[in-house]
Protein chains: 2
Amino acid sequence: MEAVLMEYNRVRPEDLKTLATIVGPSDVSSEEYDLVTNALDAFPGEPVLPEAVVWPESSLEVLEILRYASERRIPVTVRGGGTGLAGACTPRLGGIVMNMMKMSKILEVRQLDMQVDVEAGVIYDQLNRELEPLGLFFPPDPASGKSCTIGGMIANNASGLKAVRYGATRDYVLALRVVFPVGLDLHLGSRVFKYSIGYDLARMLVGSEGTLGVITEATLKLRTLPRNRKTIAAYFNSIEDGVKCIGRIRLSGIEPAAIEFIDRTHLRLISEWSGLNLPDYECMIILEFHSYSRAGLEEEVADAVSLLREGGAADLIIPKNEEEAERIWEARRGAYPSILKACRSPIIGDIIVPLSRLLDGVNKAYELARKYEVRVGVMGHLGDGNIHANWLTDRRNRDEWERALKANAELTRYAIEVGGALSAEHGVGVEKKEFMREQHHEALEIMRRLKELFDPNNILNPGTML
Amino acid sequence: MEAVLMEYNRVRPEDLKTLATIVGPSDVSSEEYDLVTNALDAFPGEPVLPEAVVWPESSLEVLEILRYASERRIPVTVRGGGTGLAGACTPRLGGIVMNMMKMSKILEVRQLDMQVDVEAGVIYDQLNRELEPLGLFFPPDPASGKSCTIGGMIANNASGLKAVRYGATRDYVLALRVVFPVGLDLHLGSRVFKYSIGYDLARMLVGSEGTLGVITEATLKLRTLPRNRKTIAAYFNSIEDGVKCIGRIRLSGIEPAAIEFIDRTHLRLISEWSGLNLPDYECMIILEFHSYSRAGLEEEVADAVSLLREGGAADLIIPKNEEEAERIWEARRGAYPSILKACRSPIIGDIIVPLSRLLDGVNKAYELARKYEVRVGVMGHLGDGNIHANWLTDRRNRDEWERALKANAELTRYAIEVGGALSAEHGVGVEKKEFMREQHHEALEIMRRLKELFDPNNILNPGTML
């Protein structure tokens, strides 16, 4: 790491002056408050302070910053809402944090086209609030929707609760405006729903975690809001029964918008935190259904309920109204805050396995918890294979923390071995960098050569991902 | 072009011997019959004969062929079913055609995973026949499904009738095995439904038209077969009324599996060719509905029928049974053969525009037909913006042929200007190469540099796409 560090220059006072001429004096800072609040995301890593923070307000400003930093060899780490769970936007080598929050305009909603153009700093929930009166929405539904940015979602291929039916962010990116350190400000892709026009550079940028270029604008495909929704939940006395139901529902042809799994550990934490007083079962499965037709919705729900009953559900909650449904989602939303309440520095896991390995994958997490003597809670978007094994630990307890890290690492390796992936939706960042070779083998070299092509001086998010 | 040609070597007798040691003597040929049948796809270009044809049977053979050809600087053009409409698999500079039809094994269907692994030469319809008993299918539905290969579909990001609901080939590619001329045989992507694991190399290969590497195997996501289907059709006395209905249906929340448009010119050609005796209207719109629930299906159909009536439909066909529905699709399937019957060398157009420009785009085709005094028939997958303006001409009538080419070129430029794309599903190939600069501007240089990274000696499909 030392060798790499030596290649970069630190931000000097004259650099701050130049940055001020580019973005204006109020949009650059080296004050401690700004450095500290731009040092970390939601990954519990060791903080490294940046030396400066800039808030560009246009693609042109981004271009000038990148040109200057590339020439001067100053690291630039791009930051959206700072909600990432893998440390992808943390300035590992200091330098400049480019905070995109001032590029927060919804540029154009084209209702007839079912598209929207946004700047990278637009917040997910804000976008959907603007779209709702038009009957449209942008479906990927990350748990951090209140504060994550569209640019960050694209950079991480974020997804969440609704991916099982609607797909991930990648599936909604039609075109991007991206600024590269080689001095290019390019429009990639096209504002149409499908195309066959050469290499798909726009989608190659999806999931690139700020290492290739800075996404400044995006054109997103939208969907029509479902006219009818229904949520149900089922409790099981056996993890096996619960997980097996998920596979059966997937193959039945029913297409729920969400298929969530929460285990006993999480149910208890949620109960304690929220006061919801959830019953004590091995696991809970939540299903949400979306449909154009009320009658169609009822048929899907009825058939899912039958599958759950046949599959051994010990208790079913079939809400009679929106409020009762809301209480189920309130429990689900309580999962993350309840973990934070229960332990100081949880390690939030994120793997994905093929559907046939779901039960195996969940059991593997428990097995590793026993092996390494750490507490784990398992939940996840199991409908698409995405397991969150959350290790309940405290980094002040150094020994336990190390064991939890080992358990998470072994689970990640397991996911890769069974044909899955080191991350479904949280990304690589700092956290999963060490597994990239096992995931990609020789293809990792190709990625590094791609990075060189776009960012020859390696100024963008150095020390993360690759 | 001369300069480029000089860089390549021709296939000599000793090259044929080496190729025979790689693939076996029965899998290499320089016989005229094989050269002629591997010279063209469905694009009416001037044939250039290859000097040899090889039929590899494994990724290892592909690797050895590419290594040898790269070292010897012999062009290699990858060929699937030869059904492409843009000349993407035609050996513009001679050399070797690598015909993938012997890599035609369905390697593994994993029902519980809802995935299939195939070799590149598997035929689309064959795959879906194998999947049907399991209740699964691979949705992109190209008109050439009877003979196109999965590898070719991936290389062109093929789609078709069902893309409006199910998306294009890109949306189903999870992982690829790709052999690169730099001597790499790589597994890209992962066998799970979503991932955030660095640059998405697998999807970057989708649409690369054989210019970066040879796709030898693919893992595809599958969907459950719809339990209920229904087809309806509507005739209109006005193109405007018909096209406007499409936009209204898209925004209504109804999600048909197909939204097809056929104009009067095509209706007449189909009638003449098929004897179906279709009524004489300005245009026809065909809708197919898929649903888990019969009741849900009926509601969607009823609401679509109301929208069509309110939108001015002059006649509605609501089939009472499968046979009546089949007759509608028989008409649609007759479109392409009826064109071939009506004129010797039609130019099959393929553009895509934002939904708000649908009517404008269709009218533009007619305007250009008048301007250039050529016959045009317009049809397409209008539900997603994909317009096929088909120029009915004969290349023996040199003057008319040139005018048709000009009309098609002007329509392609129009699509790019309104934010659309030079091709929705047929690809760039030889046909649309000239528009790549207008589509991509400076991003075209990035594509060329990517090509250099993977294929430094430019042996793969030279003279096409870029």
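Each chain gets a letter, A, B and so on, in the order its sequence line appears, and its residues count up from 1. Because the structure is a prediction, the values reported are computed rather than measured.
- Neither the backbone nor the side chain of A/T169 comes within less than 4.5 Å of any heavy atom in chain B.
- The pair B/E438-B/K432 does not count as a salt bridge, with every side-chain nitrogen at least 4.0 angstrom from each carboxylate oxygen.
- Contact tally against chain A (heavy-atom pairs below 4.5 Å) for B/D303, B/V206, B/L184, B/L422: the top residue is B/D303.
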Give the intermediate values and the outcome of side chain to side chain donor-acceptor pair (under 3.5 Å) for residues B/S291 and B/N228. CA-CA 5 Å; B/S291 181; B/N228 299 289; 5.5 Å; no

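- Of the listed residues (B/L466, B/I446, B/D171), the one with the most heavy-atom contacts under 4.5 Å to chain A is B/I446.
- With a 4.5 Å cut-off on non-hydrogen atoms, A/R250 touches chain B through its backbone and its side chain both.
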Side chain to side chain donor-acceptor pair (under 3.5 Å) for B/S196 and A/N156? Distances and angles first, verdict last. CA-CA 6 Å; B/S196 183; A/N156 287 280; 4.8 Å; no

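- Taking A/D384, A/N157, A/V428, A/L225 one by one and counting their heavy-atom pairs under 4.5 Å with chain B, the maximum is reached by A/D384.
- In terms of heavy-atom pairs under 4.5 angstrom with chain A, the leader among B/H187, B/E300, B/E209 is B/E300.
- Note that A/K221 lies in the cation-pi zone of A/Y172, set by a 6.0 Å cut-off to the ring centre and a 45° limit from the axis.
- Looking only at heavy-atom pairs under 4.5 Å with chain B, the residue among A/A421, A/P354, A/A86 that has the most is A/P354.
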Side chain to side chain contact (heavy atoms under 4.5 Å, CB included) for B/M114 and B/T224? Distances and angles first, verdict last. CA-CA 8 Å; B/M114 303 173 77; B/T224 51; 3.8 Å; yes

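- Contacts between B/L251 and chain A at a heavy-atom distance below 4.5 Å involve backbone atoms as well as side-chain atoms.
- Counting only N and O atoms by type, the side chains of A/K194 and B/N386 include a donor and acceptor under 3.5 Å apart.
- Neither the backbone nor the side chain of B/F435 comes within less than 4.5 Å of any heavy atom in chain A.
- Heavy-atom pairs under 4.5 Å with chain A were tallied for B/G247, B/S208, B/S190, B/P226; the largest tally goes to B/S190.
- For a residue to count as touching a neighbouring chain, one of its non-hydrogen atoms must lie under 4.5 Å from one of that chain's; by this rule B/T211 touches chain A with backbone and side chain alike.
- Of the listed residues (B/Q111, B/R110, B/E445), the greatest number of heavy-atom pairs within a distance under 4.5 Å of chain A belongs to B/Q111.
- Pairing each heavy atom of B/L307 with each of B/S252, the nearest pair is CD1-CB, 3.9 Å.
- Of the listed residues (A/L355, A/I352, A/I197), the greatest number of heavy-atom pairs within a distance under 4.5 Å of chain B belongs to A/I197.
- Only the side chain of B/M465 comes within contact range of chain A, judged by heavy atoms closer than 4.5 Å.
- Using bins of under 30°, 30° to 60° and over 60° for the plane-to-plane angle, the ring pair A/H290/A/F137 lands in the perpendicular bin.
- Ranked by heavy-atom pairs under 4.5 Å with chain A, the list B/Q115, B/E298, B/R248, B/E255 is led by B/E255.
- A/L450 and B/L450 make their closest contact through CD2-CD2, 2.9 Å (heavy atoms, listed as atom of the first residue, atom of the second, distance).
- Comparing A/L188, A/L136, A/V182, A/L212 by how many heavy-atom pairs each has under 4.5 Å with chain B, the most go to A/L212.
- In this structure, the portion of A/V353 lying under 4.5 Å from any heavy atom of chain B is its backbone and not its side chain.
- A side chain to side chain contact (heavy atoms under 4.5 Å, CB included) with B/L297 is found for exactly one of B/R229, B/R227, B/K230, namely B/K230.
- Of the atoms belonging to A/I254, heavy atoms from both backbone and side chain fall under 4.5 Å from chain B.
- For the pair B/D350 and B/E425, the tightest heavy-atom approach, listed with the atom from each and the gap, is OD2-N, 3.0 Å.
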